[in-house]
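What follows is a single structure, written as structure tokens, with notes after it.
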Amino acid sequence: MVELDTSNGVMFPLYDPDTNLIYLCGKGDSVIRYFEVTPEPPFVHYINTFQTPDPQRGIGIMPKRGCDVTTCEIAKFYRLNNNGLCQVISMTVPRKSDLFQEDLYPDTLAEDAAVTAEEWITGTDADPITFSLKGGYVSQSANKSLSVTKKANILNRASAGTSKSASNATLVSSNTSTMCNNNASSTVAPVSGITEKDLRDITDEIRKLKAIIVKHENRIRALEAALRAHEDDTDGGLVGRNATNVSNNTNNDTKASDSHNKETNEQSGNNDTMTSPRASDEV
């Protein structure tokens, strides 16, 4: 029994069906644990742990056809570290022989699909195409030419109908605007799919909309005029009140000045009265 640590990070389980190895990687962890899966109990066997000092943000595995068979490389990981760099991790099996190791490299998945999309939609099932890695991987897609066959799609018909309706609406709008601008009373030649009655109905709707717009414009002008008059009245009242306050302040200042002068004169007279007898005594 192997106890795994607990973490809030997302687990990235990566399984290699060729070697029956499962690699457990966690987001934010700095270790990669790998186990071997067997059909006999206890079914899962702990192999080893790969550890680095940097935590990982994400990880991906290279398909087996991208591994180097000459060095007995059985897995290659692309690990995104916390510093933003991508680290390449290679898992190899130590072997002294330089020959092709068939037990490490059974026939693996090819890059070609076993069935086409049309066959898969109809329910056709097939085993995946495999190939041998002996002698290294050589891509076969370079020798094939890619051909695309366009087929009828209901979405294309819907988009074509929408574009046709849009073009018809554009033509109707242009014809209607010409009628309104020139005040023409003559009958306009009908557009494909549009009758004269439809044109008359559209013209009537445009006239109604214009009347509504004129009505709203007049109402807006009246409201703006009322607002300006209200602002003028408010400004006039404020000016009158300010002028009254200024006049009252001026009167108060005048009264205060007069009373101050009166008190000054009275004090001066008293001083004269008090100093006169002293002068006569000295004489």
Side-chain angles (χ1 to χ4, degrees), residues 8-12 27-28 55-58 60 80-86 117-118 120-121 146-262:
N8 294 329
V10 180
M11 177 68 72
F12 301 113
K27 185 176 181 180
Q56 57 199 9
R57 292 183 180 179
L80 182 60
N81 293 335
N82 205 22
N83 57 7
L85 300 179
C86 185
E118 290 79 5
W120 181 80
I121 291 175
L146 180 63
S147 61
V148 179
T149 304
K150 294 188 66 176
K151 295 183 179 180
N153 194 334
I154 189 172
L155 297 177
N156 295 334
R157 291 197 296 271
S159 61
T162 304
S163 60
K164 183 177 180 181
S165 301
S167 61
N168 291 337
T170 304
L171 291 174
V172 170
S173 177
S174 61
N175 291 333
T176 306
S177 59
T178 303
M179 291 173 59
C180 294
N181 294 332
N182 297 332
N183 294 324
S185 60
S186 60
T187 304
V188 181
V191 188
S192 59
I194 304 297
T195 61
E196 294 182 1
K197 182 178 180 300
D198 295 335
L199 292 176
R200 287 195 298 270
D201 294 340
I202 294 173
T203 305
D204 294 338
E205 291 294 333
I206 293 175
R207 289 174 181 171
K208 292 178 181 179
L209 290 175
K210 286 186 175 181
I212 293 173
I213 292 172
V214 171
K215 182 178 178 181
H216 286 307
E217 288 179 350
N218 294 333
R219 184 178 179 184
I220 291 172
R221 291 193 187 97
L223 291 174
E224 289 178 349
L227 180 61
R228 284 195 296 270
H230 179 70
E231 290 178 351
D232 294 340
D233 294 341
T234 304
D235 295 339
L238 291 175
V239 170
R241 285 196 295 271
N242 292 332
T244 303
N245 293 332
V246 170
S247 177
N248 293 332
N249 293 332
T250 303
N251 294 332
N252 293 332
D253 293 340
T254 304
K255 291 179 179 179
S257 178
D258 294 341
S259 62
H260 179 69
N261 293 332
K262 185 177 180 180

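Since we're looking at a predicted model, the values are computed, not measured.
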Discussion item. Minimum heavy-atom separation for R57 and K27, please, with both atom names.
Written reply: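 That closest heavy-atom pairing would be O-CG, 3.4 Å.
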
Fill in: Heavy-atom closest pair, residues P55 and G28
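The pair with the smallest heavy-atom distance is CB-O, 3.5 Å.
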
Discussion item. Checking the side chain of N83 only, and the main-chain atoms of L85 only, is there a donor and an acceptor separated by less than 3.5 Å?
Written reply: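 At least one qualifying donor-acceptor pair exists.
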
Under 3.5 Å, which donor-acceptor pairs link side chains of residues 220-230 to any protein atom two or more places apart or in another chain?
unit_1	atom_1	unit_2	atom_2	d
R221	NH1	N218	OD1	3.1

Discussion item. To the closest 0.5 Å, what do you measure between CG (D198) and OG1 (T195)?
Written reply: 3.5 Å

Fill in: Any D204 side-chain heavy atom under 4.5 Å of R207 side chain
yes

Discussion item. Any salt bridge linking K197 with D201? Criterion: basic side-chain nitrogen under 4.0 Å from a carboxylate oxygen.
Written reply: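 Looking at K197 and D201, the cut-off is met.
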
